[in-house]
Amino acid sequence: LTVIIATLPVIDLNVTPANVTFNPVYPTDGEDVTVSVDVGNWGNRTAPAPISVKFVDVGANPVTVIGWDNITADLAAGATTTQSIVWPALAEGNHTIQVSVDLEDAIWEIREDNNDVTVALTVNATSDLTVSSLTLNPTYSVDEGNTVNVDAVVQQTGGGLPVNVNVSFYDDGEWFG
């Protein structure tokens, strides 16, 4: 008796939360954001092109299609490819992004339940920094070479959270601190 065990050739397209990225990672109101996803083929058979990829903000009211992209080359067994779209001028708030691959079920797969992934993205308000006061000490004129202390108070007037803020002082266009 001879027993032959054969593995059926199968395709298994997939996306996972770890495979979705945003650039910038911490966007602010009005910024364009590139949404990227790594689409893999966990099967042992090549997936034929084209393979559709859809990006949707399912947290928006109404639900908003961000965009479509197509994988235009066959996706080999065990391979991964990255698809990206630019989401222009995002509005402040929390967004829930759903990325779906082969939404139309045009490709027969061993599993269809790993073709969608949902990830959260927070878009912060734009920071708006203003110098609210500037103080010189001493306040009277000094001779060249003497020290003058310059103090500035910088306030946040917008809704965003300022990150990595540098304050510089210039005298007639020349940096001094």
Side-chain angles (χ1 to χ4, degrees), residues 1-129 156-166:
L1 173 69
T2 304
V3 177
I4 300 173
I5 300 174
T7 303
L8 293 176
V10 293
I11 298 168
D12 183 17
L13 299 173
N14 67 81
V15 289
T16 65
N19 295 47
V20 178
T21 58
F22 303 104
N23 186 14
V25 175
Y26 304 106
T28 56
D29 186 32
E31 240 181 334
D32 291 353
V33 174
T34 300
V35 184
S36 299
V37 63
D38 293 333
V39 178
N41 179 2
W42 289 352
N44 61 6
R45 179 177 164 215
T46 297
I51 304 168
S52 64
V53 182
K54 185 177 183 180
F55 300 81
V56 179
D57 185 353
V58 295
N61 187 8
V63 171
T64 304
V65 175
I66 302 166
W68 287 86
D69 198 6
N70 281 312
I71 300 170
T72 57
D74 293 349
L75 187 57
T80 301
T81 186
T82 302
Q83 300 304 118
S84 300
I85 57 146
V86 175
W87 191 1
L90 250 69
E92 174 188 353
N94 296 319
H95 300 269
T96 305
I97 312 309
Q98 181 179 43
V99 181
S100 302
V101 62
D102 188 33
L103 193 62
E104 308 82 11
D105 293 329
I107 299 171
W108 184 89
E109 300 177 63
I110 192 72
R111 291 182 60 191
E112 296 283 349
D113 63 336
N114 59 356
N115 287 7
D116 302 295
V117 66
T118 303
V119 292
L121 174 67
T122 300
V123 177
N124 297 306
T126 304
S127 297
D128 190 8
L129 301 175
Q156 164 65 358
T157 58
L161 179 64
V163 178
N164 297 328
V165 175
N166 293 313

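What you see is a predicted model, and the numbers here were worked out from it, not measured in a lab.
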I'd like to know if the side chain of Asp12 reaches the main chain of Trp42, judged simply by a donor and an acceptor atom lying under 3.5 Å from each other, with no hydrogens or angles considered. no

Would you indicate whether the side-chain heavy atoms of Ile107 and Ile51 approach each other to under 4.5 Å? yes

Could you please spell out the steps behind the side chain to side chain contact (heavy atoms under 4.5 Å, CB included) verdict for Val117 and Asn19? CA-CA 9 Å; Val117 66; Asn19 295 47; over 6 Å; no

For residues Ile11 and Pro48, report the shortest heavy-atom separation together with the two atoms involved. CD1-CD, 3.8 Å

At their closest point, which heavy atom of Gly67 faces which heavy atom of Ile85, and how far apart are they? N-CD1, 4.1 Å

Taking atom CG of Asn70 and atom CD of Gln83, what is their separation to the nearest 0.5 Å? 8.0 Å

Between atom CG of Asp105 and atom CG of Leu13, what is the distance when rounded to the nearest 0.5 Å? 10.5 Å

For Gly43 and Ala77, the nearest pair of non-hydrogen atoms, with its separation, is O-CB, 3.3 Å

Output every pair passing ring pair (Phe, Tyr, Trp, His ring centres under 6.0 Å) with a member in residues 49-92, not counting sequence neighbours, ordered by first then second residue. Trp87-His95

State the NZ-CD1 distance between Lys54 and Ile66, to the nearest 0.5 angstrom. 10.5 Å

Output the distance between atom OG1 (Thr80) and atom CG (Leu75), rounded to the nearest 0.5 Å. 7.0 Å

Roughly how far, to the nearest 0.5 Å, is CG of Asn114 from OG1 of Thr16? 9.5 Å

Apply side-chain hydrogen bond (donor to acceptor under 3.5 Å, both in side chains) to the pair Ser100 and Asp116, showing each step before the final yes or no. CA-CA 4 Å; Ser100 302; Asp116 302 295; 2.4 Å; yes

With the side chain counted from C-beta on, respond yes when Val10 and Arg45 share a heavy-atom pair under 4.5 Å apart, and no when they do not. no

Check Ser52 against Leu103 and note the closest heavy-atom contact, atom names and distance. OG-N, 3.5 Å

Among Val123, Thr34, Ile97, which one satisfies side chain to side chain contact (heavy atoms under 4.5 Å, CB included) with Phe22? Ile97

Hey, does Glu109 have a side-chain heavy atom less than 4.5 Å from the side chain of Asn115? yes

Could you pull out the closest heavy-atom pair between Ala49 and Ile71, with the gap in Å? CB-O, 3.7 Å

Quick one: does Asp32's side chain get under 4.5 Å of Pro88's, heavy atoms only? yes

Report yes or no: does Thr28 contribute a side-chain atom to a donor-acceptor pair with the main-chain N or O of Tyr26 at less than 3.5 Å? no

About how many Å separate CG of Leu121 and CG of Asp57, when rounded to the nearest 0.5 Å? 8.5 Å

Val53 and Val39, any side-chain heavy atoms less than 4.5 Å apart: yes

